[in-house]
Every structure is written in structure tokens, then in C-alpha cells.
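What follows is a single structure, written as C-alpha cells, with notes after it.
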Amino acid sequence: MADSAQAQKLVYLVTGGCGFLGEHVVRMLLQREPRLGELRVFDRHLGPWLEELKTGPVRVTAIQGDVTEAHEVAAAVAGAHVVIHTAGLVDVFGRASPETIHEVNVQGTRNVIEACVQTGTQFLVYTSSMEVVGPNTKGHPFYRGNEDTLYEAVHRHPYPCSKALAERLVLEANGREVHGGLPLVTCALRPTGIYGEGHQIMRDFYRQGLRLGGWLFRAIPASVEHGRVYVGNVAWMHVLAARELERRAALMGGQVYFCYDGSPYKSYEDFNMEFLGPCGLQLVGARPLLPYWVLVFLAALNALLQWLLRPLVLYAPLLNPYTLAMANTTFTVSTDKAQRHFGYEPLFSWEDSRTRTILWVQAAGSSAQ
Ligand SMILES: NC(=O)c1ccc[n+]([C@@H]2O[C@H](COP(=O)([O-])OP(=O)(O)OC[C@H]3O[C@@H](n4cnc5c(N)ncnc54)[C@H](O)[C@@H]3O)[C@@H](O)[C@H]2O)c1
Ligand SMILES: CC(C)CCC[C@@H](C)[C@H]1CC[C@H]2[C@@H]3[C@H](O)C=C4C[C@@H](O)CC[C@]4(C)[C@H]3CC[C@]12C
């Protein structure tokens, strides 16, 4: 990726390229990265939609593989100029064991870093998460904070623990010498709650509302702000960060960036209603219908049932003590660090993001997508 070789075509690898965010990153690279020569899409489960991309001008290589298998990762990374590592096990519902979450998110990330070092790949963008910071176990609010805001990050849940460890590995790897003698340049992007086309939890809330005759019932006070960011803007931020890592290595290397855009600050439920409302659902209650202690009790009951039933069946409802704490703790970001460091501006306005999401919810809610 030398300056003298501006016209050089680059090989990109996207791990987790068939996931919710990964698919948007893949499509964004194809649309917006002029130097793209080959795009490798690495995932445990390859999506059928990849086939249609193979007919375009850029070579698209689908690689079925597992990030926990070091040799599979090394084979995929070999010869790539840039790696966008977005593969991860996103589980805050107790579907997977803590060991599996650690294996995929931490060991998987270690394998990606080691593959870069061994094969001489110099640029690595990691998809981290807001949860690396919080909300913490004490329920402290993080109100429109930025990357430098002091906050007591205390993790107990396996998912945020794994993301925090993996992010640290990525940042500490910045500057390591890769095969060929050049330094590895890394950065981590921290999305808040991502929404948009492909967001399965949004679709599940929509279907639940339809089952309840068009009603959803407020559980969380409207005053609790929950950070959200549109998937197209998160994808764009990844593409830009990957592109600029070489030119601005000294500034960006080893840095973290929250993902942000013009999405409004609202509670988790009020934000969802921005899309579910136009799809015909109504949120009942200006205040939570149940006292908070009842929710705490129900969440604890769900956790107990999950534990008791585990030998027989997987019981993993949306409500548990961790998800309740997440939804009930203010956590929003306000920053311009990505703009200052690598010229990021959201590609999609709030109006665009909203319209695109509504259209997707309408289509997905009524089909078996
Ligand atoms: N969804 C959000 O709100 C959100 C917010 C912040 C950060 N993130 C992070 O963004 C990334 C993508 O999340 P997402 O919401 O698109 O999740 P997702 O589950 O839709 O996508 C993850 C992808 O990784 C793949 N994957 C999982 N385990 C793998 C393995 N062992 N080997 C290879 N591929 C594997 C999955 O098959 C899937 O395609 C994750 O790293 C997640 O931690 C997501
Ligand atoms: C009405 C509530 C009690 C219902 C519970 C909502 C719960 C399922 C929601 C609330 C907050 C959501 C998380 C949040 O948007 C941010 C992330 C970060 C990311 O790294 C993974 C996804 C996750 C955890 C969202 C999952 C769903 C949550 C917990």
C-alpha cells in the first residue's frame, strides 16, 4: 500500500462478512472502495446472497471458516492488505457458554492478529463494542460521553468481558513487526446498539407486537438514553478507517473510536418505536407499566429458569438481569474523534436511516427472513 502505488489494487478480508454488520461492510466496500481488487469474505456460515456479488468487477472470494481455527484464519489472511475483523459471537442472552464466547471473541481475535503478523498483513480494523466501556455493573450513567470520558468499566458478563479483552489485544498489537519487517497498524471501532436492515432483534420486537395485537408495553422510563447507530454508517466508518489507516498510521494506530451518527438520543423502546410505529405498532404507557422491582424479579426468574432448564432445553428470553441493566442504564456517546482523525462523516442522514429501516422491518416482519 505504498503512496507511489496509488493505482495498486488491494486485497481486503472481512471476517464475519455474512453477519448483520459484516454484510453491510462487504457491500459498502464494493460500492465505495475504489482500490479494491479482491474481497475475501470469511464466515462460519456463508450467505447465499454472496453469489450475486461474484458477477461484479471485483473478485469476491467466499471462505467458509472458523476464527477459532488458527490455520484457517492464516490461510484466509495470507496476501491480504487489510483485515476488517468483525466476526464475533454476540450473545447477551445466555445462548452460548462463557467458554465459547471467549474462544470465538478472544482466541479468534488472537488468531487474526497472529495471522497478520505471520503473513505480513499490515492493517487491521477491529469491530469492538460500546460494552467495552459500559454500562458497568453499578449502573452508572454514561451520558453523551466520548473516548476520553472517565468511566468505571466493570465487566462480569462473558460478552463484554470478551470484547474488552479482544479490544486490548488488538490495541496492544499496534506497532508489532509483521512478516517483511513493517509495523502492524490497528484500530478499534466501538458501535453502540446497531440498527438497520438485518437487525434481528428489531424484527423480533415487531413480530412480538403483531402477536400482541399491535401493542407493545413500556418497560423502561423514557428518560433513560440508549445509544444507537445506523448499520450503514457503522459500515462506512469501517471502510474509511481501513482506507485511512496507512496514510494516518501515526495518528490512528492503537486508537479507539466510538461509532456515531445523527440518530436521536432516546430510550431503547422509544427509539424502536421510530420504526415500529410507522409499521403499525403502538407503545402503551407514558411511564413503565410495571414497577422496576417486578422487572428485576422477572429477569432474575428468567436467569434461574435458564440455569434449571439448561440440561433439558435452551431457555434464552430477551429479558435477563444483564439486558435489563443495559436497557435501563443511560449510555450515549457524543464525539467527533472519527471525523478529526480520518474524516468520517455519516453517509446516511437520520431520515435515510429511518426510512431504510422501516422498509426493512415491514418486509422482514411479514416474511420468514
Ligand atoms: N449488533 C450490535 O448492536 C453490535 C454493537 C456493537 C458491536 N457489535 C460487534 O459487531 C460485530 C458483528 O456483530 P453483528 O451484530 O453483525 O453479529 P452477527 O451475529 O450478525 O454477525 C457475526 C458474524 O460472525 C460470524 N461468526 C461467529 N462466530 C464465528 C467463528 N467462530 N468463525 C467465523 N465467523 C464467525 C457469524 O456467522 C456472523 O456471520 C461483532 O463483533 C459484535 O461484537 C455489534
Ligand atoms: C424492554 C427491555 C427490558 C427489553 C430488553 C432489551 C434488550 C434485549 C436490548 C437493550 C439493549 C440492547 C443491547 C445494546 O443495544 C447494545 C448491544 C451492543 C452489542 O455489542 C451487542 C448487542 C447489544 C448487547 C444489544 C442487545 C439487545 C439489548 C440488550
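One-based numbering, in listed order, for ligands and for the atoms of each. The first residue of the sequence shown is numbered 1, and numbering continues consecutively from there. The figures here come from the full heavy-atom set of this structure, side chains too, leaving out hydrogens, waters and symmetry mates.
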- prompt: Do any nitrogen or oxygen atoms of Ser129 lie less than 3.5 angstrom from nitrogen or oxygen atoms of ligand 2?
  reply: yes
- prompt: Is Tyr159 in contact with ligand 2, taking contact as a heavy-atom separation below 4.0 Å?
  reply: yes
- request: Could you tell me whether some N/O pair between Tyr268 and ligand 2 is separated by less than 3.5 angstrom?
  value: no
message: Using a 3.5 Å distance criterion without hydrogens, assess whether the side chain of Trp236 forms a donor-acceptor pair with backbone atoms of Glu345.
response: yes
- prompt: Using heavy atoms and a threshold below 4.0 Å, how should the contact between Asn328 and ligand 2 be classified: side chain, backbone, both, or neither?
  reply: neither
field: Glu269 N/O under 3.5 Å from ligand 2 N/O
entry: no
message: Parallel, tilted or perpendicular, judged at 30° and 60°: which one describes the rings of Tyr230 and Tyr195?
response: tilted
message: Quick one about Thr127 and His238 (side-chain donor to acceptor, distance below 3.5 Å, no hydrogens or angles considered), yes or no?
response: yes
- prompt: Within 45 degrees of the axis of the six-membered ring of Tyr257 and under 6.0 Å from its centre: does Lys337 put its NZ or CZ there?
  reply: yes
query: Which heavy atom of the protein is the closest neighbour of atom 27 (C) of ligand 2, given with residue, atom name and distance?
result: Ile201 CD1, 3.7 Å
field: Heavy-atom nearest neighbour in the protein, as seen from atom 3 (C) of ligand 2, with distance rounded to 0.1 Å
entry: Leu319 CD1, 3.8 Å
query: How far is atom 8 (C) of ligand 2 from its nearest protein heavy atom, and which residue and atom name does that atom have?
result: Phe93 CE2, 3.9 Å
- request: Verify the contact flag for atom 24 (C) of ligand 2, where contact means a protein heavy atom under 4.0 Å away.
  value: yes
Per-pair distances, ligand 1 N/O vs protein N/O, less than 3.5 Å:
residue, atom, partner, partner atom, Å
ligand 1, 3 (O), Ile194, N, 2.9
ligand 1, 16 (O), Phe20, N, 3.3
ligand 1, 16 (O), Leu21, N, 2.8
ligand 1, 20 (O), Phe20, N, 2.9
ligand 1, 31 (N), Asp66, OD1, 2.8
ligand 1, 32 (N), Val67, N, 2.9
ligand 1, 34 (N), Arg44, N, 3.3
ligand 1, 37 (O), Asp43, OD1, 2.6
ligand 1, 39 (O), Gly19, N, 3.1
ligand 1, 39 (O), Asp43, OD1, 3.3
ligand 1, 39 (O), Asp43, OD2, 2.6
ligand 1, 41 (O), Thr86, O, 3.0
ligand 1, 41 (O), Lys163, NZ, 2.8
ligand 1, 43 (O), Tyr159, OH, 2.6
ligand 1, 43 (O), Lys163, NZ, 2.8

query: Side chain, backbone, both or neither: which part of Arg228 has a heavy atom under 4.0 Å from ligand 2?
result: neither
- prompt: Under a heavy-atom criterion of less than 4.0 Å, does Lys163 contact ligand 2?
  reply: no
field: Protein residue, atom and distance nearest to atom 22 (C) of ligand 2, heavy-atom basis
entry: Val90 CG1, 4.0 Å
query: Heavy-atom distance under 4.5 Å between the side chains of Leu245 and Val82, does that happen here?
result: no
- prompt: Do the side chains of Lys9 and His81 get nearer than 4.5 Å, heavy atoms only?
  reply: no
